[in-house]
Each structure stands twice: as structure tokens, then as C-alpha cells.
Amino acid sequence: MRSPHRSRDRHDLPPQVQPAAGRGGVAARAPQGRHRRGGDHARAEVPLGDRADRAVLRGARDPQARRRRRRSGRDHAADHQGPGRLMAGFDHRTVDARWQAFWTRENTFATPTDRTRPKYYVLDMFPYPSGDGLHVGHPKGYTATDVVARAKRMMGFNVLRVMGWDSFGLPAERRAEQTGEHPSVITKRNIATFKAQLQKLGLSYDWSRELATSDPTYYKWTQWIFSVLFERGLAYRKEVAVNFCPALGTVLANEEVHDGKYIETGDPVEQRNMTQWMLKITAYADPLVEDLALVDWPAGTLKKQQDWIGKSIGADVVFKVADSDRSITVFTTRPDTLFGGTWVVLAPEHPLVDAITTPAQQAAVAAYREEVSKRSIRDRTMEAADAPKTGVATGAFATNPVNGARIPIWIADYVLASYGTGAVFACPAGDERDHAFATKFGLPIVEVVQGPAGHDVQAAAFTGDGPHVNSGFLDGLGNDAAKTAVIAWLAERELGKQVVRYKMRDWLFSRQRYWGEPFPTIEKQDGTVELVPFAQLPVTLPAIDEYKPTRDGQPPLARAVEWRQTTDHDGQPALRETNTMPQWAGSCWYYLRFISPTNDQVAWDADEEKYWMPVDLYVGGNEHATLHLLYARFWHKVLFDAGLVSTKEPFQRLFHQGMIHKTSFQDPTTGKYFYPEEVEPRGDDDKSWFVKGTDTAVVTKFDKMSKSKKNVVNPDDMCNEYGADAMRMYELFMGPLEDGVEWATDGVRGTRGFLDRSWRLLVDPETDTLTAKVSEDAPTDNKDLERALHATIKRVTESVTDLRFNTAVAQLMTFVNEATKAKQIPRAWFEAFVKIMSPFAPHLAEEIWQRLGHTTTIAYAPWPAFDEAKLAKDTITIAIQVTGKMRGTVDVAADASEATILAAAKAEPKVAELIAGKAIKREIYVKGKLVNLVV
RNA sequence: GCGAAUGUGGCGGAAUUGGUAGACGCGCUGGUUUCAGGUACCAGUGAGUAACAUCGUGGGGGUUCGAGUCCCCCCAUUCGCACCA
């Protein structure tokens with residue numbers, strides 16, 4: 001991707017911003033006390049529009065066109081003629097450009113190197129740099145983390161705030177197949193686009209730590225971690241049935257396949273046997289479940305991880321096959337119900353089926369197995385849990401170990417060969433599937449756990465807890481006690497034992513693709529595998545002339561014939577691996593590389609790792625709830641066991657931002673999508689949409705933004721028209737961070753209006769000079785304004801922790817409304833406001849800060865404290881209810897006694913009328929809030 | 001089918017966790033400024049009424065002096081999971 005950046009860590013804090021001498025630097029001015037003439041403010045590279053500029057801009061404006069755009073609500077095809085709306089506000093183009101240039105020039109956001117302060121590591125899930133560029137959905141999480149990062153800096157934390165690129169992956173490779181361009185070139189271009197878009201938003205990343213997973217200086221270390229896994233016996237090659245996607249020419253992990261299709265593209269997936277690299281994630285199943293207790297994650301995500309791992313504790317139980325010396329081991333989580341076991345079911349693929357099937361049943365069994373095998377895995381997994389049961393008897397019988405009962409052995413496809421032992425015993429009274437099977441095939445149902453009164457096990461299974469019946473030595477015991485008792489009984493007789501099983505399988509870790517990390521392994525002549533020595537890492541991707549798999553189905557790297565030829569540690573000929581790692585590999589550890597991104601001796605510095613880890617706040621979409629987050633935790637735990645990292649878990653706190661949607665318009669018959677400006681609403685309620693000028697009806701749907709659905713809103717357009725700060729603020733104001741919302745450009749206008757009002761508190765836009773409103777000697781007896789200020793500091797401060805930015809922005813607005821009403825604003829109050837709004841609207845805040853006479857960046861100005869005492873009111877409004885109904889209010893002194901308040905309440909005219917002549921049965925007083933007079 | 005979440009004005013959403021429902025913003029209505037229907041400012045904006053009364057947080061019950069908030073039963077939407085014994 002790029003050559004490594006030289007580390008430019010800052011060595012002193014707080015950073016003093018140096019005026020850029022000789023360049024008319026923005027800060028090249030002595031601090032001043034009060035109002036200065038606006039005309040003398042220093043110019044940055046991009047001059048602030050002067051009167052003449054504005055006159056031109058205003059003259060160039062076409063009010064009609066503007067109105068049409070506004071009313072249409074789809075003006076994101078932004079007007080590139082000029083700002084166009086700045087008469088009463090600030091010039092965001094100039095301000096944004098000036099401060100972005102300033103931050104870059106001054107290295108404002110370089111990561112501090114002092115290690116005595118507390119640290120805060122806030123991380124975004126890094127994006128795959130697609131060719132489409134960013135849409136307004138991407139920055140929602142980035143803006144939230146930016147507010148946290150900026151506020152934490154001001155609160156005295158050393159903040160690690162970084163961005164990188166998950167840049168290996170399929171789309172670039174597919175594009176390369178089409179164009180012949182090297183994926184690295186495509187990727188580099190896409191990264192440049194993404195980066196430019198992010199920089200327009202003023203996100204406070206330390207860009208000197210930027211990384212890309214496809215960069216050899218990065219994947220060298222991905223290969224090294226693979227070596228660690230290999231050396232610890234956690235990476236192995238195996239011939240396995242894999243999910244092969246013919247359209248992509250590669251295998252996929254189980255996690256990437258859903259309903260028999262590749263999740264990303266929807267291409268069908270089929271089963272094939274191939275030799276593949278596997279990672280033994282199952283060896284970490286237990287810690288992966290247990291350590292979820294250590295992290296502060298959304299409950300839903302914790303549950304998804306648990307479900308994915310699918311730990312279940314049960315027993316393996318041996319059933320002897322009658323009239324035979326064979327036996328069947330079944331897995332069950334309900335050994336307590338063994339007395340109700342009235343038949344045994346094998347998966348159709350179970351190896352014992354052939355051996356035990358009686359001659360009379362052979363034809364039926366063969367036919368059933370044939371039928372099942374014809375149905376693909378896809379069909380089988382698509383079936384619902386309540387799908388009709390099918391199956392066929394083998395004719396053989398088994399002996400129930402607990403009661404010696406002779407019970408039939410069936411095969412049925414609801415038993416999966418790949419889980420447990422591929423065999424189960426059926427207890428129809430205690431399992432819904434078994435019950436359905438019993439009902440269909442007329443098999444006996446024996447009650448073993450007593451359900452609630454009136455429950456008929458012949459009609460429905462009872463899966464709950466209760467006293468056991470018909471169960472010999474288990475009678476009367478509850479489920480747990482019965483389980484313990486029966487397992488002990490079985491173990492004594494060597495007929496069973498307690499076991500733990502997981503749904504999770506080992507991780508299929510190789511792909512037949514070009515654009516991924518090569519494995520640091522070679523295959524020797526005897527077929528064994530050895531690691532490429534560390535000194536020879538990275539194993540870089542060779543240039544090849546075509547990125548498709550070979551005609552005989554080998555991965556693209558098989559084309560690099562010379563590159564493949566190498567030697568082992570004895571100098572004997574050996575071949576390089578032609579598979580590459582899946583895209584997850586790079587994202588499994590990038591949070592560690594950010595700690596020492598340019599170190600070419602180690603993947604990360606141990607002391608630095610101890611300082612920065614764990615990630616304090618990790619923000620990204622919940623689509624990664626199982627895959628990325630599970631894989632990364634797995635690698636981290638291996639690294640922990642290897643003594644390479646200091647924490648058991650990588651991500652202390654996790655937060656999922658909601659997705660931003662936008663209505664899409666699709667012709668249901670052709671599937672074609674239309675841009676918003678191509679369609680129009682018709683009908684009385686404007687609810688039917690048609691393609692303009694035609695009778696083609698289109699259906700509307702809230703959709704993820706995507707180019708193909710023609711519903712993308714581009715953040716660049718928003719920045720151009722409304723400014724980065726208005727855009728940032730709207731992203732946070734639109735609703736709770738975790739919620740999905742529909743994008744509404746009108747809302748950006750709203751936050752822009754707020755920024756303009758904030759600006760005008762200090763600057764007269766007509767003259768571009770400071771107003772007299774904010775002043776050193778303004779009276780400080782404006783209690784309403786003071787209270788609003790402290791309430792705002794409080795709410796914004798809390799929002800940094802609870803991530804409820806929508807209400808924080810609302811509170812900032814409330815303060816500005818209050819301040820607009822005020823005749824004068826004490827300078828100290830206004831400065832406190834500017835500080836707390838600066839994480840949200842950093843460009844404008846810097847500009848105001850400078851106009852206030854400051855010569856250093858606001859990014860490290862100390863965060864203001866709020867005073868609870870200042871939040872209290874002198875007089876409070878007490879609500880008065882009569883028998884629970886609101887009847888009025890009364891204003892009383894904040895320290896008024898209960899008796900005084902009750903008296904005042906009763907004296908309120910309307911209340912007095914209602915209680916006149918009635919006996920008050922009860923008087924309820926809620927301190928400082930209300931009284932309720934019950935009559 | 002199972003699980004989780006959500007349901008509040010025309011719209012996005014607030015509500016200190018049982019105590020004045022609708023903060024803040026959008027939109028809308030009226031006014032002032034203005035060459036301008038743009039910007040800014042002022043006023044209003046849950047429904048209903050001439051004004052009251054009254055009715056209002058998906059629906060229905062319940063607990064309570066008091067319920068958007070707690071309990072029970074429905075309905076709807078969204079997102080997961082999909083025969084894992």
C-alpha cells in the first residue's frame with residue numbers, strides 16, 4: 001500500500017501549537033483580551049471570504065434553483081458553485097480547509113509518548129476500501145469515536161486514535177481479473193479515496209500510524225502470528241469437505257456461508273473434499289465462552305458468541321445393538337430421560353448403517369439414503385426446525401442401557417452426521433422433534449418427567465423441569481439431580497460418561513485466491529510441511545499474469561511456477577503453499593499493530609502493548625458480532641498464552657453503531673433501481689411512487705446504502721454544502737448511536753443552523769468583527785444561562801461515557817438558545833461552551849477559539865468541570881395533582897418546606913375549587929416535584 | 001418455529017428509571033426585516049373545543065395516590081438463529 005511512515009510521536013504535552021512563521025499562520029497573533037477588529041485577523045492559506053467574495057457569491061445565487069433543491073430534499077448532488085448560504089453564518093469551506101491544514105501541519109493528533117498519564121485506546125472497525133468510496137453511513141461510528149477521542153484528550157488522557165485499511169479481499173481481485181490491473185494498484189487508489197473522504201470530516205486520527213493489511217510490512221507479521229499458531233499445534237492441514245464456491249473459485253469458511261450461499265455475493269456454494277489449512281479454534285472454545293464475562297459488550301453480542309460456540313454439557317451413552325457385538329454411542333444433553341428412550345436414530349451417513357440394516361430393510365434404507373444424498377446440504381439446512389420428519393427403520397434393535405428395553409434403530413436426516421456422535425436416542429416425551437417423529441411413525445411415547453397438571457405427553461412433549469416418573473432409580477428426582485445420578489450409574493457400568501460438546505468447528509483457514517496473505521509454509525518432498533524461517537519473512541506475493549484459478553482448479557498462485565520453487569532448511573527442494581489466508585487474518589490483530597505500526601523488528605513493542613492494551617472502546621457494526629470478533633479473540637488468546645500480549649481479551653468495551661438507511665426505489669418487474677430524482681410520488685397521500693413521466697410503479701424500501709441501489713448519499717457533498725461540522729453533528733444528533741435511521745439531509749441543515757447561531761454569538765457576520773456580546777466583564781448573575789451551561793457540561797461529559805450523543809447535541813443547542821436570548825455572555829462561560837462543543841464541531845471551535853485570542857489549538861484545552869450546585873434552581877415548579885390528575889402548578893422557593901408547599905398547592909385557585917368541601921384522604925409529596933391530593 | 005429488540009406528534013427523537021409526556025431538531029402556520037418566496041429574528045405548532053371539559057405513548061386488562069416506564073395477554077415491525085439431540 002504505502003511505504004512505512006516515520007513515527008512522529010509527540011514528546012511533550014500539552015502540545016504547544018507553533019505559529020507557522022512566514023506563512024501567515026492562523027495563530028500568528030498575540031493573545032488579546034477582548035474585542036478585536038475582525039479585519040485584522042490573520043489569514044490562513046485559504047483566505048476567509050471577504051465582503052467582495054460574498055457579494056459575488058450572493059449575486060451568483062439563483063433563489064429559484066435553491067428553492068427547488070431544498071423542497072426536493074435531494075440536493076446532495078451538491079452545488080459546487082459556492083457555499084451559497086453564508087450570509088448569516090460562517091464560511092465552512094474556508095474554516096474546514098484552514099483547520100484541517102493546520103492539524104496536519106502541526107501534527108496536532110500525533111500520539112503522545114509520555115507514559116505517565118492514563119491512556120485511552122479508542123478504535124473503529126477499519127473499513128475495506130471498496131471502489132465505491134464512503135457513504136454517509138460510514139462516518140457515524142467514526143464521528144462518535146472522534147468525539148470520545150477529542151474529549152478524552154481534553155480530559156488529560158493519552159489517546160490512541162488510529163485508522164487503517166482491511167485491504168486484502170475479493171473485490172479488488174475480481175476487478176483485477178477484469179482489468180488486468182494489479183490488485184495492489186486498485187487497492188492503493190481506493191485507499192486514497194477513502195482517506196481523502198475521511199480527512200474532509202476532520203477526524204482526529206494519528207495518520208502516521210496508518211496501516212494496511214495488504215502491505216508486506218504488515219503481512220510479514222500476520223505470517224509470523226501464523227507461525228506462532230503452527231508451532232503451538234493450532235494450525236494443521238486436513239482433507240475436509242469444504243464449502244466451495246464455483247463462481248469465486250475458492251472455498252469459504254462455514255461462517256461465510258448462509259443458506260447455501262456466500263453471504264457477501266449470494267453465489268451458490270457446494271461441498272467438495274480438499275486439503276485445507278485449519279485453525280484449531282475449538283481448543284479455545286471454553287475460554288472463548290468463559291472470558292465473555294470479562295468484557296463490557298452488548299448483551300445481544302455476548303449471546304450470539306455463546307450461541308455460535310454452542311457449548312453443551314451432556315453425556316455419551318452406549319446402546320448395544322441387539323443380537324450383535326456392535327454398539328452405538330449417542331450424545332444427549334438429557335440423559336435423565338433415558339427411561340423414556342423408545343428408539344435410536346442414526347444419521348443416514350452413519351458408518352454403522354450398512355452393518356446393522358436387516359435384509360428386509362435394505363432396499364428401503366438404500367432408497368432413503370439415496371434421497372437424502374440427492375438433497376444438498378443447502379436444502380437440508382434451509383429446512384425449518386418444524387419441517388416434517390422423514391426416516392426409515394433399519395430393522396435392527398438396540399438395548400436401552402438403563403432398562404434393557406429392546407428398541408428399534410431408525411435412520412433420519414434430522415440427525416446430523418457432523419455433530420455429536422451422529423446418533424441420538426429419542427425420548428418423544430421430552431423432545432419436540434422426537435415427539436413429531438413418534439407421531440408420524442406411530443412410535444411409543446413414555447412419560448418420564450411430570451409436566452404441569454393436565455399436560456398430556458401423548459399430545460405434546462414436555463421439555464421443562466419436574467419430578468421423574470417411570471424412571472426406576474430416578475423416580476422423584478428433578479432434572480439436574482437425575483442427570484447426575486444417571487451419569488454416575490452409567491459411568492460405573494462403563495455405559496456412558498459426561499462430555500462437553502460444541503457446535504463450533506475448527507476454522508477453515510485457506511482460500512484459493514491471489515489477493516491475500518501467502519502462508520509462510522513450504523511442502524517438502526516427503527509431503528511434510530515446515531515453516532519458512534522468520535528471517536525470510538515476509539513471503540511476498542509474486543507477480544502473476546492472471547488472477548483466476550488455473551484450468552485444473554489450482555489457486556492462482558500455482559501460476560507463479562518459479563516463485564513456488566524453494567528449498568527447505570536442509571537445502572532440499574520444496575514447494576511454497578499456493579493457498580492464501582482469508583480476509584479475516586489481517587483484521588485479527590490490527591489493533592496490536594497500531595501500537596507499533598512502523599517497528600520492523602517486532603510486531604509490537606512489549607512495553608507499549610502493556611501500556612495501551614486493551615482497547616478501551618471498540619466501535620463497529622454488529623454484522624461482526626460472531627465472525628471477526630470471535631476470530632480476533634481467538635488469536636488474542638493464543639498470543640496471551642504465548643506470553644506475547646498482556647490481556648486475556650482484546651476489546652474491553654464494544655459498541656455497535658446502527659446502520660444509516662435510505663429509501664431505494666425499485667421497479668419490481670425488472671428489478672431496476674432508480675435515483676430519487678428519477679421518481680415522483682402520486683396519489684392522494686403521495687404514497688405511490690412512479691418513474692417520472694411514465695406509468696411505471698416502483699416499490700420503496702429502506703435499504704442499506706449502496707451504489708447498486710442508487711440510494712447513496714456522499715459525505716463529500718454534505719461537507720461541501722454544509723461543512724464537516726454540520727455533517728458530524730447531524731450524524732450524532734439523528735438518534736441513539738445504536739439505532740438504524742433513515743438519512744435526512746434536512747437534518748444537516750438543522751445542525752448547520754445551530755453552528756451558525758453559535759458563531760453569531762461571537763461574530764457579527766455582516767462585518768466579520770466580534771460582537772460585544774461575549775465579554776470579560778459581562779455580568780455573571782444570569783442564573784438561567786449559568787444553569788444551562790452547567791447542565792450542558794454535565795450532559796456532554798456524560799455522553800463521552802454513555803455514548804448518548806443525540807441528547808448531548810440537543811443540550812448544546814439548548815445552551816445556545818439560552819445564550820442567544822442573553823444580552824451578554826461572560827467570556828469564561830462562552831469559552832467553556834466552545835470547549836465542550838469542540839469534539840463535535842472541531843473546525844468551528846478552533847476558529848472561534850482563535851478569534852477569542854487563543855494561539856494554541858483547542859484540542860488539548862482542559863475540559864471544563866460542572867458544578868452540581870449551579871444546576872439547582874432558586875425557585876422550583878411543583879406539579880399539583882388531585883387524585884392523580886394534573887390540575888396545575890405552583891412556583892415555590894427551592895428550599896420551601898413540605899408544609900409550605902402543600903399550603904401553596906391547596907391555595908392554587910383551580911385546585912382550591914376542586915378540593916373545596918371535600919375531605920383530603922391523603923397528601924403525597926414528592927420532594928421538589930409534585931404534590932398529589934387524594935380526595 | 002425459537003430467540004432478541006422495538007412500537008411516543010406530520011417526521012427524527014426526549015422523558016433524571018414510577019412523579020408536569022412530547023426536550024432538541026426537522027417540517028408546517030403567522031409576523032418582522034428584506035429588491036427577494038432566500039437568510040435572520042419573533043410567535044405558534046399532540047388531538048379536540050369558540051373557550052372549557054376532555055382524549056392522548058401499538059391494542060386489551062391489571063397493580064398504584066400516580067404508569068410511556070412495573071405485571072399479564074394480544075398485535076405489528078425489525079434483526080438474529082434455523083432440526084446441534
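Below, chain A is the first sequence line, B the second, and so on; all start at residue 1. No hydrogens, no waters, no symmetry mates; every other heavy atom, side chains included, goes into these values.
Partners of Leu302(A) under the side chain to side chain contact (heavy atoms under 4.5 Å, CB included) rule, at least two apart in sequence or in another chain, are Leu292(A), Val295(A), Trp297(A). Residues forming a salt bridge (charged side-chain N to carboxylate O under 4.0 Å, His left out) with Glu798(A) (at least two apart in sequence, or on another chain): Arg795(A). Partners of Asp739(A) under the salt bridge (charged side-chain N to carboxylate O under 4.0 Å, His left out) rule, at least two apart in sequence or in another chain, do not exist in this structure. For Thr751(A), the side-chain hydrogen bond (donor to acceptor under 3.5 Å, both in side chains) test picks out no residue, with sequence neighbours left out. Listed by chain and number, the residues in a side-chain hydrogen bond (donor to acceptor under 3.5 Å, both in side chains) with Asp336(A) are Arg334(A), His468(A) (sequence neighbours excluded). Listed by chain and residue number, nothing satisfies the ring pair (Phe, Tyr, Trp, His ring centres under 6.0 Å) test with Tyr502(A) (two or more places apart in sequence, or in another chain).
Residue pairs meeting the salt bridge (Lys or Arg N to Asp or Glu O under 4.0 Å) criterion with at least one member in residues 923-935 of chain A, sequence neighbours excluded, are Lys906(A)-Glu923(A). Contacts classified as salt bridge (Lys or Arg N to Asp or Glu O under 4.0 Å) and involving residues 807-818 of chain A (residues at least two apart or in different chains) are given here: Glu818(A)-Lys821(A).
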Do nucleotides 12-20 of chain B as a string where each nucleotide becomes B, S or -: B if the base has a protein heavy atom under 4.0 Å, S if just the sugar-phosphate does, - if no protein is that close. BSSSB--BB
Any chance you could encode RNA chain B as dot-bracket? Rule is Watson-Crick or G-U wobble with both distances under 3.5 Å; [ ] for pairs crossing earlier ones, | for another strand. (((((((..(((......[....)))((((((.......))))))((......))..(((((..]....))))))))))))....
Where do N or O atoms of nucleotides 69-72 of chain B meet protein N or O atoms at under 3.5 Å, pair by pair?
none

Filtered N/O pairs between nucleotides 41-47 of chain B and protein, under 3.5 Å:
from, atom 1, to, atom 2, distance (Å)
C41(B), OP1, Arg760(A), NH2, 3.0

